[in-house]
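Structure, as structure tokens:
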Protein chains: 2
Amino acid sequence: MAGRQKIYNEDAALNAAIDVFWQQGYEKASSRDLQKAMGIGFSSFYLAYKGGKQELFAKSMQRFFTLYPQPFLNLLKTVDNPVEAIRQYYYVMTEPNGKFSQFGCYFSNTIFQADENEFKEAAVKNLVVIADAFYDALLRAKNAGTINPTIPTELWKTYLLNLWTGLNTTKSIEKDQSILRATIDFSLKVFG
Amino acid sequence: MAGRQKIYNEDAALNAAIDVFWQQGYEKASSRDLQKAMGIGFSSFYLAYKGGKQELFAKSMQRFFTLYPQPFLNLLKTVDNPVEAIRQYYYVMTEPNGKFSQFGCYFSNTIFQADENEFKEAAVKNLVVIADAFYDALLRAKNAGTINPTIPTELWKTYLLNLWTGLNTTKSIEKDQSILRATIDFSLKVFG
DNA sequence: CTCAAACTGTATCGATTGATACATTATTAT
DNA sequence: ATAATAATGTATCAATCGATACAGTTTGAG
């Protein structure tokens with residue numbers, strides 16, 4: 001293998017692309033915006049991502065999952081009190097200067113903005129994986145007697161997804177952090 | 001006043017524009033899409049809406065409120081059981097072939113997609129008006145002893161908004177209508 | 001009958017979009 | 001050294017965006 005060395009860092013460039021997509025969404029994030037943020041030229045951009053913006057977005061969403069939800073899902077496998085862990089996870093949507101409260105949920109945004117394409121499907125799949133992990137952790141706690149849910153088991157995933165994706169929009173309407181957190185707290189009471 | 005007569009119907013044209021914006025959102029709805037759907041030429045378009053797409057969208061959102069939420073809010077003032085009325089309103093998000101389940105909530109979509117501009121602000125305002133009406137009807141029922149809510153009064157609006165805006169995304173993840181409706185039913189139980 | 005007012009159809013504007021072309025520079029294997 | 005390979009920088013492509021120009025058509029007031 002011969003050839004000139006990369007002048008940019010691949011990981012740093014992809015992380016920069018994540019933030020651009022996260023903030024602007026797939027459509028609004030222009031190739032020029034992305035290149036600028038990634039510190040990369042046009043040629044290098046299309047050399048590294050032959051599929052262009054589409055390929056970059058797909059890899060960006062994969063990396064996003066690895067960076068943010070994945071560590072939490074791993075943690076969730078070990079905790080005794082999954083409701084408290086989920087509460088803290090949901091609280092990030094209420095942190096005034098955090099990326100989640102500012103940019104929203106990467107997957108919900110994608111589901112919302114994308115056409116009926118592969119991205120929408122992938123974003124749904126990511127959220128379902130998260131909901132599945134929530135379900136498993138809660139079921140373990142229930143079986144262990146740690147929690148005593150009043151909500152039927154078959155509604156757990158949809159209820160939790162709806163709370164999460166709702167916050168993604170509600171945070172733009174209700175700016176009072178204490179009200180948002182109280183709503184999260186109240187909604188999670190059904191898990192005991 | 002002299003002059004040629006309009007060849008198109010203004011109300012029908014605006015209604016057509018609503019559906020285009022509803023389905024595609026402000027950004028993706030191109031001026032050509034709109035003209036085509038409205039059955040109108042470029043000249044007439046910019047003659048009728050000197051502010052272009054922006055002005056058309058503003059009037060479209062106003063008309064949308066008049067067409068859809070307003071009649072329900074009027075009904076809500078008269079019903080004895082507001083919880084049941086709200087349930088039916090939320091159910092429209094689960095109707096497989098309805099515009100709401102297909103296109104989502106006009107206002108939530110706008111809040112989601114718009115930049116920090118006048119549209120976002122107007123969409124938030126519309127949702128707040130709806131939440132206020134929900135609140136008033138529920139408070140009347142509580143004072144009349146018809147319902148016995150377990151949720152603190154100060155969380156009513158945010159809780160109901162979050163349920164509604166959540167459905168706007170959750171409907172794309174959970175396709176089973178019975179699960180969606182059961183989640184709505186369970187969530188509304190807190191109002192007694 | 002005339003003429004200004006109002007509406008319409010088509011052609012096109014400059015800006016921006018995602019994506020390529022192509023020459024240049026840097027690196028390594030032989 | 002030289003050829004092959006890889007990365008870069010700039011210029012530009014066709015398509016589409018919102019918006020406008022401008023000539024043509026229909027109408028009613030005088």
Side-chain angles (χ1 to χ4, degrees), chain A residues 1-61 110 113-120, chain B residues 1-61 110 113-120:
Chain A
M1 278 306 208
R4 185 171 172 176
Q5 285 179 334
K6 277 191 175 60
I7 206 173
Y8 67 95
N9 180 278
E10 291 180 80
D11 282 349
L14 186 52
N15 289 349
I18 287 177
D19 281 359
V20 175
F21 280 130
W22 196 357
Q23 185 164 20
Q24 307 197 28
Y26 176 74
E27 299 286 352
K28 293 194 70 179
S30 76
S31 58
R32 284 159 184 81
D33 288 338
L34 290 162
Q35 292 155 35
K36 206 170 180 179
M38 295 166 79
I40 189 177
F42 273 98
S43 297
S44 301
F45 179 84
Y46 282 100
L47 183 68
Y49 304 97
K50 293 186 177 34
K53 225 176 86 164
Q54 287 199 19
E55 182 184 339
L56 177 60
F57 186 80
K59 291 189 172 165
S60 164
M61 183 153 55
T110 301
Q113 295 164 349
D115 301 326
E116 293 290 342
N117 54 26
E118 52 176 323
F119 300 142
K120 185 166 187 170
Chain B
M1 277 307 203
R4 187 171 171 174
Q5 286 180 334
K6 275 191 177 62
I7 205 175
Y8 67 95
N9 180 278
E10 290 180 81
D11 281 350
L14 185 53
N15 289 349
I18 287 177
D19 281 1
V20 175
F21 280 130
W22 196 357
Q23 185 164 19
Q24 305 196 29
Y26 176 73
E27 298 285 351
K28 292 194 70 178
S30 74
S31 56
R32 285 157 184 84
D33 289 338
L34 291 161
Q35 292 156 34
K36 206 171 180 179
M38 294 167 81
I40 191 178
F42 272 98
S43 297
S44 301
F45 179 84
Y46 282 100
L47 183 67
Y49 304 97
K50 295 189 177 31
K53 227 175 83 164
Q54 288 199 19
E55 181 184 340
L56 177 60
F57 186 80
K59 293 191 172 165
S60 164
M61 182 153 56
T110 301
Q113 295 163 349
D115 300 325
E116 294 290 342
N117 53 26
E118 50 176 325
F119 300 141
K120 186 166 188 172

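Everything quoted here is computed from the prediction, not taken from an experiment. Quick note on labels: first sequence line is chain A, next is B, and so on, each numbered from 1.
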- Message: Once you apply a heavy-atom cut-off of 4.0 Å, does A:Ile40 come out as touching a base, just sugar-phosphate, or nothing?
- Response: nothing
Between [N] atom [atom2] and [X] atom [atom1], what is the distance in whole Å?
| X | N | atom1 | atom2 | value |
| --- | --- | --- | --- | --- |
| B:Met38 | C:dC7 | CE | P | 14 Å |
| B:Tyr49 | D:dG18 | OH | C1' | 17 Å |
| B:Tyr8 | C:dA6 | OH | C1' | 11 Å |
| B:Asn9 | C:dC7 | CG | P | 14 Å |
| B:Leu56 | D:dC17 | CG | C1' | 16 Å |
| A:Lys36 | D:dT10 | NZ | P | 14 Å |
| A:Lys6 | C:dA26 | NZ | P | 17 Å |

- Base-contact (B) and sugar-phosphate-only (S) positions in nucleotides 17-24 of chain C, heavy-atom cut-off under 4.0 Å, - elsewhere: BBBBB---
- Should A:Leu56 and A:Phe21 count as side-chain neighbours, where that means a heavy-atom distance under 4.5 Å? yes
What is the distance from atom [atom1] of [X] to atom [atom2] of [Y], rounded to the nearest 0.5 Å?
| X | Y | atom1 | atom2 | value |
| --- | --- | --- | --- | --- |
| B:Gln35 | B:Tyr8 | CD | OH | 11.0 Å |
| B:Glu27 | B:Thr110 | CD | OG1 | 11.0 Å |
| B:Asp19 | B:Leu34 | CG | CG | 11.0 Å |
| A:Phe57 | A:Phe119 | CZ | CZ | 6.0 Å |

- Hey, could you give me each pair passing side-chain hydrogen bond (donor to acceptor under 3.5 Å, both in side chains) that has a residue in residues 46-56 of chain B? Not counting sequence neighbours. B:Glu55-B:Lys59
- What residues, two or more places apart in sequence or in another chain, satisfy side chain to side chain donor-acceptor pair (under 3.5 Å) together with B:Lys28? A:Asp115
- All side chain to side chain donor-acceptor pair (under 3.5 Å) counterparts of A:Asn9, not counting sequence neighbours: none
- Message: Could you work out, with salt bridge (charged side-chain N to carboxylate O under 4.0 Å, His left out) as the rule, every residue matching A:Lys36, not counting sequence neighbours?
- Response: none
- Checking C:dT8, C:dT28, D:dT8 against the side chain of A:Gln5 (C-beta onward), the nearest is C:dT28
- Message: Can you see if the side chain of B:Ser44 gets near the phosphate of C:dC7 - specifically, an N or O under 4.0 Å from OP1 or OP2?
- Response: no
- Task: Scan residues 13-22 of chain B against DNA chain D and write down, sorted by residue number, each residue with any heavy atom closer than 4.0 Å; if none is found, say none.
- Result: none
